[in-house]
Number of protein chains: 2
Amino acid sequence: MTVRAGTGHVGTGVQAAAAGTTVAGNPQSSKSQLAYDAVKAKISDGSYGAGFRLVLGRIAKELDVSVVPVREAIRRLEAEGLITFERNIGATVAGIDPTEYLHTMQTLSIIEGAATALSAPLITDVEITKARRINEQMRECLSHFDPVRFTSLNLEFHAVLFTHCPNPHILDLVHRGWNRLNAIRASTFNYVPGRAQESVAEHEELLQLIETGADVDSIERAARNHRAATLIAYLKHAESTAEGE
Amino acid sequence: MTVRAGTGHVGTGVQAAAAGTTVAGNPQSSKSQLAYDAVKAKISDGSYGAGFRLVLGRIAKELDVSVVPVREAIRRLEAEGLITFERNIGATVAGIDPTEYLHTMQTLSIIEGAATALSAPLITDVEITKARRINEQMRECLSHFDPVRFTSLNLEFHAVLFTHCPNPHILDLVHRGWNRLNAIRASTFNYVPGRAQESVAEHEELLQLIETGADVDSIERAARNHRAATLIAYLKHAESTAEGE
DNA sequence: GTTAACTGGATCGTATACGATTTCGTACCT
DNA sequence: AGGTACGAAATCGTATACGATCCAGTTAAC
């Protein structure tokens with residue numbers, strides 16, 4: 001053992017170097033933030049999928065930080081519902097079972113519907129055309145089967161619709177919902193083939209409703225049903241494939 | 001490598017004593033949880049109201065723990081939106097300005113409406129009578145002016161209606177909404193006198209809708225409007241008193 | 001007299017240290 | 001052979017240490 005009784009610190013200088021340089025490109029640099037972003041990204045892109053065991057020490061070593069900032073990141077993710085955490089046990093990536101998917105979709109249908117309705121009066125022609133162009137690209141995706149791109153465009157499309165939502169809370173909830181959904185999708189990629197076409201058509205309907213200045217109630221209902229329809233399609237599909245397997 | 005800086009520790013034994021005893025009554029004991037509960041409670045009951053500066057070290061000393069668990073608690077509260085946090089600056093209790101109140105109420109109207117509608121089919125006669133009894137007590141509160149009790153009963157009433165919501169996410173969001181609202185209310189106690197009577201009447205209407213098995217849409221609308229009406233009453237009231245001052 | 005640089009204190013951020021708890025494998029007892 | 005008890009490894013929980021950063025008040029320079 002031997003080594004150092006005086007300062008008790010060894011790598012402390014590193015901390016200064018790393019934090020001090022503010023690596024130019026990380027606007028909000030902070031190990032805690034780094035850990036948060038890193039773990040969240042890994043969950044979203046599927047590297048850490050479904051029930052994955054998140055060992056604090058391992059993550060810390062991977063990111064070359066100490067456990068303290070990692071713990072903070074984990075706490076934040078816990079509060080956001082992306083992971084579950086048990087005292088003296090550890091953290092695991094949440095959102096495994098199908099009912100989770102169901103609940104998340106249902107919640108999102110409500111929140112997103114509201115967000116879209118609230119945004120609607122503030123949406124200009126510019127955004128409408130932009131959304132329409134995205135939807136056009138989605139239609140193209142249908143021919144040369146490309147579900148990944150389709151899903152990504154789908155987010156873009158809806159993002160255009162709800163980003164003008166004047167209520168930041170609701171907007172925040174929408175984002176969280178999408179995050180959860182991403183995490184779930186990454187692990188068990190579910191994509192219902194037939195649904196995509198209806199989806200594109202419903203997008204166009206939704207755009208027309210907004211364009212013609214329909215009352216917020218109809219818009220909310222349309223947006224909500226749009227997502228609910230996807231959920232129902234998924235359930236049916238899951239049922240049938242379960243039999244097939 | 002093994003570093004070992006002599007002892008470098010003094011009060012470490014205390015940790016064992018405190019954590020080890022598991023003070024019998026704290027089922028989920030953990031300093032982090034303790035800090036979370038404590039701070040949240042202080043925010044809810046108004047001790048730490050509106051923009052209050054949360055100094056980590058001070059809180060840690062108050063609770064007789066180190067800063068680490070406090071930081072974790074703060075992170076959780078941050079993710080829940082109860083406080084805001086800036087790097088190298090610190091944390092402050094969130095939710096000061098009136099637009100915050102507005103947004104929170106709007107969000108809650110949507111979420112709570114949905115939660116109530118989803119619960120409705122699962123509500124039995126037992127709960128209906130229970131809710132009706134609570135509403136009766138609220139009516140009594142009207143005569144001997146008691147806004148605090150009224151508010152508390154109001155939560156109880158709605159809790160009966162939405163606790164059966166089968167979607168845990170939505171239920172969680174409802175609870176968070178109430179928490180935020182509590183925090184705001186504690187700082188700037190706002191209670192619109194005239195509104196209370198309508199509120200009690202609307203509660204009864206809502207009960208009848210549920211009782212007669214009205215379609216979920218009407219129930220959702222009723223629940224949503226009930227809260228929205230409170231918001232509108234508040235806005236009018238705030239406007240008029242602002243003039244009066 | 002006004003502004004800029006300095007300085008000290010408060011507070012934040014994170015690394016390290018080490019006790020506590022859980023987990024799992026193995027040896028021992030029945 | 002099967003189950004239990006002991007022990008070691010892994011991991012969590014939190015205290016402490018100390019650099020970095022921010023802030024306010026003070027002094028120096030113009």
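Sequence lines set the chain letters: A, B, ... in the order given, protein chains first and strands last, and positions in each chain run from 1. The figures that follow rest on heavy atoms only: side chains count, while hydrogens, waters and symmetry mates do not.
Protein atom CG of B:L34 is 15 Å distant from nucleotide atom P of D:dG13, rounded to whole Å. Look at NZ on B:K61: it is 12 Å from P on C:dC12, rounded to the nearest Å. Atom CG in B:L54 sits roughly 13 Å away from atom P in C:dG13 (whole-Å rounding). Straight-line distance from the NZ atom of B:K31 to the P atom of C:dC18: 18 Å, rounded to whole Å. Regarding B:E86, its CD atom lies at a distance of 12 Å from the P atom of C:dC12, rounded to whole Å. Residue B:L56 contributes atom CG, which lies 16 Å from atom P of D:dC22 at whole-angstrom precision. Per the geometry, CZ belonging to A:R58 stands 17 Å off C1' belonging to D:dA9, to the nearest Å. Following rounding to the nearest Å, B:R87 (CZ) and D:dA20 (P) show an atom-to-atom distance of 12 Å.
For B:N167, the side-chain hydrogen bond (donor to acceptor under 3.5 Å, both in side chains) partners are A:Q106, A:T107, not counting sequence neighbours. Here B:Y36 pairs with nothing under the ring-ring contact (aromatic ring centres under 6.0 Å, His included) rule; sequence neighbours left out. By the side-chain hydrogen bond (donor to acceptor under 3.5 Å, both in side chains) test, B:T84 pairs with B:T92, sequence neighbours left out. Annotation: side-chain contact (heavy atoms from CB on, under 4.5 Å) contacts of B:R224 (sequence neighbours excluded): A:E220, A:R224, B:S109, B:I110, B:E220.
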Enumerate donor-acceptor pairs with a distance under 3.5 Å from any side-chain N or O in residues 153-162 of chain B to protein atoms, sequence neighbours excluded.
| from | atom 1 | to | atom 2 | distance (Å) |
| --- | --- | --- | --- | --- |
| B:N154 | OD1 | B:H203 | NE2 | 3.3 |
| B:H158 | NE2 | B:H203 | NE2 | 3.2 |
| B:H158 | NE2 | B:H226 | NE2 | 3.3 |

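Near DNA chain C, meaning a heavy atom under 4.0 Å away, the residues from residues 66-74 of chain A are A:S66, A:V68, A:P69.
Counting only heavy atoms from C-beta on, A:S32 has its side chain closest to C:dT14 among C:dT14, D:dC22, C:dG13. Nearest nucleotide to the side chain of B:S30, out of C:dT11, D:dT14, C:dG13: D:dT14. Nearest nucleotide to the side chain of B:N88, out of D:dC12, C:dT14, C:dG13: C:dG13. Across D:dT11, D:dA15, D:dG13, the shortest atom-to-atom separation from the side chain of B:V65 is found for D:dA15.
Judged by distance alone, the side chain of A:R180 and the main-chain N or O of A:G81 form a donor-acceptor pair under 3.5 Å.
Residues A:R76 and A:E80 are not paired through a salt bridge, judged by the lack of any N-O separation under 4.0 Å between the basic side chain and the carboxylate.
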